[in-house]
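Notes follow the structure.
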Amino acid sequence: MKTVEEQITIIRRGAVQIIPEDELREKIKRSIDSGVPMRIKYGADPSAPDIHLGHTVPLRKLREFQDLGHLVVFIIGDFTALVGDPSGKSKTRKRLSSEEIMENARTYQEQVFKILDREKTEVVYNSSWLSGLTFPDVIDLTSRYTVARMLERDDFSKRYKGGKPISILEFLYPLMQGYDSVAVKSDVELGGTDQTFNLLVARDIQREYGETPQAIVTLPLLEGTDGVQKMSKSLGNYIGVSEPALDIYGKLMSISDDLMWRYFELLSARSMAEIEEAKLECASGTNPMVWKKKLAFEITERFSSAPEAGTAREQFESVHQKKEIPEEMATVQVSAAEVSGGIDIITLLRRAGLVNTNSEARRKIQEGAVRINNKKIFEHNAVIPVKDNDIIRLGKRNFRRLVL
RNA sequence: GGGGAGAUACCGAAGUGGCCAAACGGGGCAGACUGUAACUCUGCUGGCAAUGCCUUCGUAGGUUCGAAUCCUGCUCUCCCCA
């Protein structure tokens, strides 16, 4: 068992804030003395089943807590998802059916346990306590917090000042999350910095219900592959942990050199000392690509396997560095009858799923982005004689192999 | 309950009777460049049987030779007052 200070050091690495640190120390000490592990709460929204590298930042921190002997209480926010979160810009965010939620929760867990230790994880659904609350219970809960305090939340106050709508339901969310903490009796809760407000509300709610408030550990939000906005599926700048090894590797290689160091800090298992060393090395002339490949390999391996990551690296090198055509690619099946006497290029591109409309196909052809077997096609009414195994290419990185 | 403002393409935002498939910016895609799928530069970015035609400016009607633009109802949002 590690000492309090040793544990704090591990917890602090990569964390943005620990609120309040002395309370956390106290909790760790009590845990050591009593031999009872701390209960570390983490909530997940099962509306999007694909977890990406951004989610893995807190997950890795949870794993560190587990390795220190503590228990993770993983809350699936099925009740939350059932109600449907109206926050943000998407006005008509759909409400999920309970079947969808259960399915998402299942795939979610599959992915989460690539990182977490199953033995030290308690998975719970917040519907099991939230759906049982009566309206008087809800009134009691809402009476314990004020509108002014709600408006302290950054995005609420911004929207309020900017004349953007805020639904009452959104005010309820922090309260529901806080109630979750009461229900699971959490000692510590983890979340991204965007969750700071909700995590703090939970402390107040716990106190209101006569419990000892949880300590809070906030973690940075990982920037997406664009290097600017936070990684999110809706922004399309994410790297999913269940993506094919080649995609994970390739997307990691596409990040900027600056962002690479950020990823090293937040995702890599390498020590900070080693990372600093690498930075110096690059500053003195080493091609950053060398280190980017190491990062890409490490992360790809984590979510697939060493052989798969190796294959991904080879393919990347062959396609992007030697400009060769990848060995493996998506295929498109056509019947021999369809292509006897050739097939017109627009139809071919659409059949291959490389474009969505004929107009788009014409544009791409004009731009010189279309190749068949590495030969550029410029005629948008060209009729192409094709055969089995021909390769259709759009741009640098979209390939389809034709199968008759 | 009363008064006012608004809803435009993936997002933000201009346009206020014909020159509007709709400026500009962001995003996306492509081309050039590159160690790179980064940066930068350039082009494209509603659809189609394509020098034309069709659909689109919250929604349903109306006025007009002609409507994103004017009128009316409806839906939704914001602000002020009570």
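Residue numbers start from 1 in every chain, and the chains themselves are labelled A, B, ... in the order their sequence lines are given, proteins ahead of strands. Just so you know, these numbers use all the heavy atoms, side chains as well, and skip hydrogens, waters and symmetry mates. Note that the structure is predicted; figures quoted are calculated from it, not measured.
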Could you please name the partner base of [N], counting Watson-Crick and G-U wobble pairs only when both distances are under 3.5 Å?
N      : value
B:rG43 : B:rC29
B:rG52 : B:rC48
B:rA13 : none
B:rA37 : none
B:rU63 : none

Whole-Å distance between [N] [atom2] and [X] [atom1]?
X        : N      : atom1 : atom2 : result
A:Leu246 : B:rU36 : CG    : C1'   : 15 Å
A:Met253 : B:rC39 : CE    : C1'   : 16 Å
A:Glu170 : B:rU77 : CD    : C1'   : 13 Å
A:Lys364 : B:rG43 : NZ    : P     : 15 Å
A:Met260 : B:rG35 : CE    : C1'   : 12 Å

**Asked** With distance as the sole criterion, is a donor-acceptor pair present between the side chains of A:Gln206 and A:Ser186 under 3.5 Å?
**Response** yes
**Item:** Any side-chain donor near an acceptor of the partner, A:Gln111 and A:Ser242, under 3.5 Å
**Value:**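 A:Gln111 vs A:Ser242: donor-acceptor pair found between side chains.
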**Item:** Cationic tip of A:Lys251 above A:Tyr238 ring, under 6.0 Å, 45° of axis
**Value:** yes
Is the distance from OP1 or OP2 of [N] to the nearest side-chain N or O of [X] less than 4.0 Å?
X        : N      : result
A:Arg262 : B:rA38 : no
A:Arg362 : B:rA49 : yes
A:Asn237 : B:rG27 : no

Any salt bridge between [X] and [Y], counting N to O under 4.0 Å?
X        : Y        : answer
A:Asp204 : A:Arg149 : yes
A:Glu23  : A:Arg203 : yes
A:Lys279 : A:Glu265 : yes

**Message:** Once you apply a heavy-atom cut-off of 4.0 Å, does A:Phe316 come out as touching a base, just sugar-phosphate, or nothing?
**Reply:** base
**Request:** Scan A:Thr357 against the nucleic acid and name what it touches under 4.0 Å (heavy atoms): base, sugar-phosphate only, or nothing.
**Result:**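 Sugar-phosphate contact only.
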**Request:** Specify whether A:Phe156 and A:Phe197 have parallel, tilted or perpendicular ring planes, treating 30° as the upper limit for parallel and 60° as the lower limit for perpendicular.
**Result:**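 Answer is perpendicular, since the angle exceeds 60°.
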**Request:** Return the 5'-most residue of the pair A:Pro288, A:Tyr160 with respect to RNA chain B, ranking by each residue's nearest nucleotide.
**Result:**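 Its nearest nucleotide lies further toward 5', so the answer is A:Pro288.
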**Whichever of A:Ile166 and A:Ser254 has its nearest RNA chain B nucleotide further upstream toward 5'** = A:Ser254
**Item:** Nearest-angstrom distance, P atom, B:rU42 to B:rU59
**Value:** 36 Å
**Item:** Under 4.0 Å protein heavy-atom contact, by nucleotide of nucleotides 52-58 of chain B - B base, S sugar-phosphate only
**Value:** -------
**Asked** Got a sec: does the CD of A:Glu119 have more than 12 other heavy atoms crowding it under 6.0 Å?
**Response** no
